[in-house]
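Here the structure is laid out as structure tokens; the discussion comes afterwards.
FYI, side chains are in, hydrogens and waters are out, and symmetry mates aren't considered; it's all heavy atoms of this structure.
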Amino acid sequence: QVQLVEYGGGLVQPEGSLTLSCAASGGTFSSYAMAWFRQAPGKERELVARISRAGSGTYTDSVKGRFTISRDNAKNTLYLRMNSLKPEDTAVYYCAADVYPDGRHYYDYWGQGTQVTVSL
């Protein structure tokens with residue numbers, strides 16, 4: 001059974017940078033597509049970025065050019081590098097695993113979330 005744990009959230013100033021990590025265990029990480037989602041209080045959860053098994057990333061429009069999703073299969077770890085952060089990036093960030101990436105985009109496993117706050 002797959003477990004996902006996020007690390008690296010915290011308080012950062014506008015225009016600052018932060019890197020989130022997600023450690024995976026209990027499965028075959030390299031076989032999964034992975035993604036980062038975020039959710040602010042009272043708002044819908046939104047997909048931030050997805051990375052394929054081959055390592056190609058896709059992004060929601062609001063973070064294109066600022067965020068980079070990557071993975072290190074040897075470490076079973078997913079990353080999200082966030083640059084030029086804005087207050088509207090403030091949210092709880094979750095990593096998620098799509099165990100059957102050749103099918104529909106459905107996320108089978110989720111981490112517990114890590115808070116990112118962008119503020120002076």
Side-chain angles (χ1 to χ4, degrees):
Q1 197 168 19
V2 175
Q3 295 181 71
L4 304 172
V5 180
E6 298 95 339
Y7 300 92
L11 176 64
V12 62
Q13 293 182 312
E15 304 303 321
S17 297
L18 199 64
T19 298
L20 305 182
S21 301
C22 173
S25 62
T28 306
F29 178 77
S30 63
S31 296
Y32 311 152
M34 300 291 297
W36 289 99
F37 289 80
R38 66 187 181 188
Q39 188 168 26
K43 303 296 183 182
E44 295 286 335
R45 182 187 65 204
E46 67 169 340
L47 176 65
V48 177
R50 177 181 169 94
I51 188 166
S52 72
R53 292 171 293 172
S56 62
T58 57
Y59 304 86
T60 193
D61 286 345
S62 64
V63 309
K64 286 179 181 175
R66 300 189 297 121
F67 290 13
T68 302
I69 189 170
S70 62
R71 65 194 299 161
D72 186 337
N73 289 342
K75 297 180 179 179
N76 290 343
T77 302
L78 176 73
Y79 302 96
L80 184 68
R81 177 64 175 174
M82 303 182 291
N83 294 323
S84 302
L85 282 160
K86 304 174 179 180
E88 53 262 44
D89 296 317
T90 296
V92 177
Y93 284 70
Y94 299 89
C95 65
D98 178 0
V99 172
Y100 306 104
D102 291 333
R104 300 304 90 205
H105 291 182
Y106 173 80
Y107 295 90
D108 304 275
Y109 298 98
W110 294 79
Q112 83 289 348
T114 187
Q115 177 72 45
V116 173
T117 302
V118 184
S119 177
L120 293 172

Contacts under 3.5 angstrom, residues 24-34 side chains, donor-acceptor by atom type, not counting sequence neighbours:
residue, atom, partner, partner atom, Å
Tyr32, OH, Thr28, N, 2.9

Problem - Residue pair Ser17 / Val12, side-chain heavy-atom distance below 4.5 Å - result: no
Practice task
Would you mind listing every disulfide (SG to SG under 2.5 Å) that reaches into residues 17-120, with sequence neighbours excluded?
Solution key: Cys22-Cys95
Problem - Partner residues of Tyr107 under the ring-ring contact (aromatic ring centres under 6.0 Å, His included) criterion, sequence neighbours left out - result: Phe37
Exercise for the section: Hydrophobic side-chain clustering at under 4.5 Å (ILVMFWY, transitive links): who's grouped with Tyr79? Put none if nobody. Expected result: none
Exercise for the section: Please name all residues satisfying side-chain hydrogen bond (donor to acceptor under 3.5 Å, both in side chains) with Arg66, sequence neighbours left out, ordered by chain then number. Expected result: Asp89
Exercise for the section: Over all heavy atoms of both residues, which pair between Val63 and Val48 is shortest? Give the atoms and the distance, please. Expected result: CG2-O, 3.8 Å
Exercise for the section: Look up atom CG in Leu78 and atom OG in Ser70, then write down how far apart they are to the nearest 0.5 Å. Expected result: 7.0 Å
Practice task
Mind checking the OG-CD spacing from Ser62 to Glu88? Nearest 0.5 Å is all I need.
Solution key: 8.0 Å
Handout entry: Contacts of type salt bridge (charged side-chain N to carboxylate O under 4.0 Å, His left out), residue Arg81, not counting sequence neighbours
Key = none
Handout entry: Listed partners of Asp108 passing side-chain contact (heavy atoms from CB on, under 4.5 Å), at least two apart
Key = Asp98, Val99, Tyr100, Tyr106
Exercise for the section: List for me each residue that meets side-chain contact (heavy atoms from CB on, under 4.5 Å) alongside Lys43, sequence neighbours excluded, and say none if there are none. Expected result: Ala40
Practice task
Return yes if some donor-acceptor pair links the side-chain N/O of Thr77 with the main-chain N/O of Ala23 below 3.5 Å, else return no.
Solution key: no
Exercise for the section: Report whether Tyr109 and Ile51 are members of the same hydrophobic cluster (ILVMFWY, side-chain heavy atoms less than 4.5 Å apart, transitive linking). Expected result: yes
Handout entry: Close side-chain approach of Phe67 to Leu85, heavy-atom, < 4.5 Å
Key = yes
Exercise for the section: Please list, chain by chain and in numerical order, all residues satisfying side-chain hydrogen bond (donor to acceptor under 3.5 Å, both in side chains) with Gln115, sequence neighbours excluded. Expected result: Thr117
Exercise for the section: Report whether Leu18 and Leu80 are members of the same hydrophobic cluster (ILVMFWY, side-chain heavy atoms less than 4.5 Å apart, transitive linking). Expected result: yes
Problem - Minimal non-hydrogen separation, Ala49 against Tyr59, with atom names - result: CB-CD2, 3.6 Å
Handout entry: Pair listing, side-chain hydrogen bond (donor to acceptor under 3.5 Å, both in side chains) test, anchored in residues 3-14, at least two apart
Key = Glu6-Gln112
Exercise for the section: Can you measure from CH2 (Trp36) to CG (Leu47) and round to the nearest 0.5 angstrom? Expected result: 12.5 Å
Handout entry: Counterpart residues, side-chain hydrogen bond (donor to acceptor under 3.5 Å, both in side chains), relative to Glu46 (two or more places apart)
Key = Arg38
Practice task
Can you measure from OH (Tyr93) to CE (Met82) and round to the nearest 0.5 angstrom?
Solution key: 5.5 Å
Problem - Those residues that, when tested against Ser56, pass side-chain hydrogen bond (donor to acceptor under 3.5 Å, both in side chains) (two or more places apart) - result: Ser52
